[in-house]
**Student:** 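After the structure tokens below, expect a handful of questions from me.
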Amino acid sequence: MKIDIVSVFPEYFEVLNLSLLGKAQTKGLVEVTAHNLRDWTHDVHHSVDDTPVGGGAGMVMKPEVWSECLDELLQLQPATIENTENMENIEDSADSCDTGDSCDTADSDTAQSSAGPENSEKTDIAPSSAGPVLIFPNPSAPLFTQQDATELSHADHLLFGCGRYEGYDARIPQYYRAQGIDVREYSIGDYVLNGGEVAVSVMLEAITRLLPGFMGNAASIVEESYTGENALLEHRQYTKPAEWRGIKVPDVLLSGNHAKVDRFRRDEALAKTDELRPDLIEALDCTKLDKADRKTLMALGWEVSAAHPRKR
């Protein structure tokens with residue numbers, strides 16, 4: 001997998017040379033290159049931003065600089081879009097232009113995060129293995145999920161753009177969508193950061209750890225939280241000693257009975273998800289729950305006779 005990252009602070013990504021991601025680069029599983037956006041500027045100050053159209057605080061990253069950078073990395077020729085007076089006619093980008101101040105689509109001080117509703121241009125279609133995927137962290141965008149990480153782990157080329165200040169000009173993702181590029185904008189949570197670098201690091205780790213050969217033990221990612229078709233939060237984990245400072249490991253985990261251990265962990269995952277993320281319980285497919293699952297959910301107050309569980 002080829003990964004390009006564009007940032008005004010490319011040094012931030014030196015951390016990607018550490019741990020498993022560093023080993024994956026050494027083994028040739030991934031190729032990560034961080035680019036300095038200022039390398040595509042032409043003025044003495046290497047400016048990448050300008051004042052917001054319509055007024056307001058802060059600065060917005062300029063489309064001219066981004067386009068020179070992205071055109072080169074995506075190997076595209078500059079083009080002029082017809083009928084640009086209303087860019088929504090080119091691409092339905094309601095997440096960046098329908099809500100007032102979010103029209104600056106701040107990847108910016110923002111650079112990342114606010115859970116928004118899923119939109120149709122982001123998830124249901126797997127990226128072409130031959131085509132690049134352009135990704136911008138954006139606090140006004142749909143929430144990045146394990147499903148997105150799994151989908152993007154099948155791409156051959158990911159290109160991340162890190163915003164700063166009040167964000168990137170909203171026309172940038174719109175223009176590249178109009179050029180046929182698969183453009184994604186993701187939030188990593190309901191909060192705002194100073195730049196997109198942290199969010200990109202989060203998404204990169206979530207994506208690359210799913211690549212075949214990345215993890216030392218591939219089985220370690222099978223039962224994780226949010227993983228699989230009927231995703232749950234993961235059960236609690238313990239190690240030795242069996243008793244530490246008066247707190248004992250649950251006896252069943254020491255029993256040697258693998259069936260009972262599996263059932264205990266499954267029940268704990270169901271109970272934990274019920275307490276912390278009932279929305280995940282509501283999304284379960286009841287036809288794929290076994291008798292023991294149904295019994296546990298019913299004991300937790302769920303009705304499981306319909307297509308999906310519902311709280312009684």
Side-chain angles (χ1 to χ4, degrees), residues 1-18 21-22 24-26 28 30-53 58-81 96 104-112 131-139 141 152 155-186 193-205 207-208:
M1 174 185 283
K2 180 181 179 182
I3 298 169
D4 287 296
I5 307 168
V6 180
S7 168
V8 292
F9 298 111
E11 306 86 358
Y12 182 94
F13 295 99
E14 292 176 5
V15 70
L16 300 182
N17 295 321
L18 303 175
L21 188 49
Q25 293 181 71
T26 301
V30 294
E31 174 190 340
V32 181
T33 306
H35 307 270
N36 192 334
L37 180 64
R38 298 188 193 277
D39 290 344
W40 283 270
T41 60
H42 302 287
D43 64 302
V44 295
H45 300 293
H46 301 290
S47 301
V48 298
D49 59 343
D50 206 336
T51 55
V53 173
M59 304 290 279
V60 178
M61 301 190 88
K62 300 194 294 185
E64 303 99 319
V65 180
W66 273 103
S67 62
E68 286 199 32
C69 170
L70 296 176
D71 284 352
E72 181 175 328
L73 296 178
L74 295 169
Q75 299 182 346
L76 296 176
Q77 293 299 316
T80 300
I81 305 301
S96 56
D104 66 6
T105 210
D107 179 348
S108 61
D109 48 85
T110 95
Q112 74 79 6
V133 183
L134 176 58
I135 302 170
F136 290 101
N138 185 334
L152 291 168
D156 286 343
H157 183 195
L158 301 178
L159 172 52
F160 291 90
C162 301
R164 281 270 158 179
Y165 319 118
E166 285 302 311
Y168 48 83
D169 189 298
R171 292 168 293 181
I172 298 170
Q174 292 172 335
Y175 171 85
Y176 285 97
R177 288 189 183 110
Q179 298 307 301
I181 299 297
D182 184 354
V183 181
R184 314 291 183 92
E185 295 174 90
Y186 289 118
L193 301 175
N194 289 330
E197 289 78 12
V198 171
V200 166
S201 298
V202 168
M203 290 189 281
L204 259 182
E205 182 157 323
I207 294 166
T208 56

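Values below: every heavy atom of this structure, side chains too, minus hydrogens, waters and symmetry copies.
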**Student:** Let me confirm one number: the NE2-CD distance from His42 to Glu64, rounded to the nearest 0.5 Å.
**Tutor:** 10.0 Å
**Student:** Considering all heavy atoms of both residues, which atom of Gln25 and which atom of Leu16 are nearest to each other, and what is their separation?
**Tutor:** NE2-O, 2.8 Å
**Student:** Please report the shortest heavy-atom distance between Ala178 and Ile81, naming the atom on each side.
**Tutor:** CB-CD1, 4.0 Å
**Student:** What class does the angle between the rings of Phe136 and Trp66 fall in, given that below 30° is parallel, 30 to 60° is tilted and above 60° is perpendicular?
**Tutor:**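 Judged by the thresholds at 30° and 60°, the geometry between Phe136 and Trp66 is perpendicular.
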**Student:** For Glu205, does the CD atom sit with more than 12 other heavy atoms under 6.0 Å from it, leaving out its own atoms?
**Tutor:** no
**Student:** How long is the gap from OG on Ser201 to CZ on Phe160, to the nearest 0.5 Å?
**Tutor:**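 If I round to the nearest 0.5 Å, the distance is 9.5 Å.
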**Student:** Do you know the tightest heavy-atom contact between Met61 and Gly163?
**Tutor:**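 For Met61 and Gly163, the tightest heavy-atom pair comes out as SD-CA, 3.6 Å.
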**Student:** Test Ile5 against Leu204 for side chain to side chain contact (heavy atoms under 4.5 Å, CB included), laying out the working first.
**Tutor:** CA-CA 10 Å; Ile5 307 168; Leu204 259 182; 3.6 Å; yes
**Student:** Measure across Thr41 and Val65 and return the closest heavy-atom pair with its distance rounded to 0.1 Å.
**Tutor:**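 So the two residues come closest at CG2-CG1, 3.8 Å.
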**Student:** Which pairs would a plain distance check flag for residues 70-78, meaning a side-chain donor or acceptor within less than 3.5 Å of a matching protein atom at least two apart in sequence or in another chain?
**Tutor:**
unit_1: Asp71; atom_1: OD1; unit_2: Tyr176; atom_2: OH; d: 2.7
unit_1: Glu72; atom_1: OE1; unit_2: Trp40; atom_2: NE1; d: 2.9

**Student:** Passes side chain to side chain contact (heavy atoms under 4.5 Å, CB included), Asp182 versus Leu134? Steps please.
**Tutor:** CA-CA 6 Å; Asp182 184 354; Leu134 176 58; over 6 Å; no
**Student:** Suppose the criterion is side-chain hydrogen bond (donor to acceptor under 3.5 Å, both in side chains): which pairs have a residue in residues 1-11, not counting sequence neighbours?
**Tutor:**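 Residue pairs passing side-chain hydrogen bond (donor to acceptor under 3.5 Å, both in side chains), neighbours aside: Asp4-His35, Asp4-His157, Ser7-Glu197.
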**Student:** Can you tell me how far CE of Met59 sits from CG of Asp49, rounded to the nearest 0.5 angstrom?
**Tutor:**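 Those atoms lie 4.0 Å apart.
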**Student:** Once you round to the nearest 0.5 Å, how far does OG1 of Thr26 lie from CG of Leu21?
**Tutor:**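 Thr26 OG1 to Leu21 CG: 9.5 Å, rounded to 0.5 Å.
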**Student:** Go through the steps to decide whether Leu152 and Tyr186 satisfy the test side chain to side chain contact (heavy atoms under 4.5 Å, CB included), and finish with yes or no.
**Tutor:** CA-CA 12 Å; Leu152 291 168; Tyr186 289 118; 4.0 Å; yes
**Student:** Of the non-hydrogen atoms in Pro137 and Ala199, which two are nearest, and what is the gap between them?
**Tutor:** CB-CB, 3.7 Å
**Student:** Determine the minimum heavy-atom distance between Gly195 and Arg164, stating which atoms define it.
**Tutor:**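 Smallest interatomic distance, heavy atoms only, reads CA-NE, 3.5 Å.
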**Student:** Is there a side-chain contact between Cys162 and Phe13 (heavy atoms, below 4.5 Å)?
**Tutor:**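 The answer is yes; the side chains approach within 4.5 Å.
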**Student:** Hey, does the side chain of Ser47 reach the backbone of Asp43 with a donor-acceptor pair shorter than 3.5 angstrom?
**Tutor:** no
**Student:** Any salt bridge linking Glu68 with Lys62? Criterion: basic side-chain nitrogen under 4.0 Å from a carboxylate oxygen.
**Tutor:**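 No, Glu68 and Lys62 are not salt-bridged.
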**Student:** Under the side chain to side chain contact (heavy atoms under 4.5 Å, CB included) test, which residues partner Asn36, sequence neighbours left out?
**Tutor:** Pro10, Arg38, Asp39
**Student:** Quick check: do Ile135 and Leu159 have side-chain heavy atoms less than 4.5 Å from each other?
**Tutor:** no
**Student:** With rounding to the nearest 0.5 angstrom, report the CE to CD distance, Met1 to Glu31.
**Tutor:**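 Between Met1 CE and Glu31 CD, I get 12.0 Å after rounding to 0.5 Å.
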**Student:** Let me confirm one number: the CD1-CG distance from Ile3 to Asp156, rounded to the nearest 0.5 Å.
**Tutor:**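 If I round to the nearest 0.5 Å, the distance is 11.5 Å.
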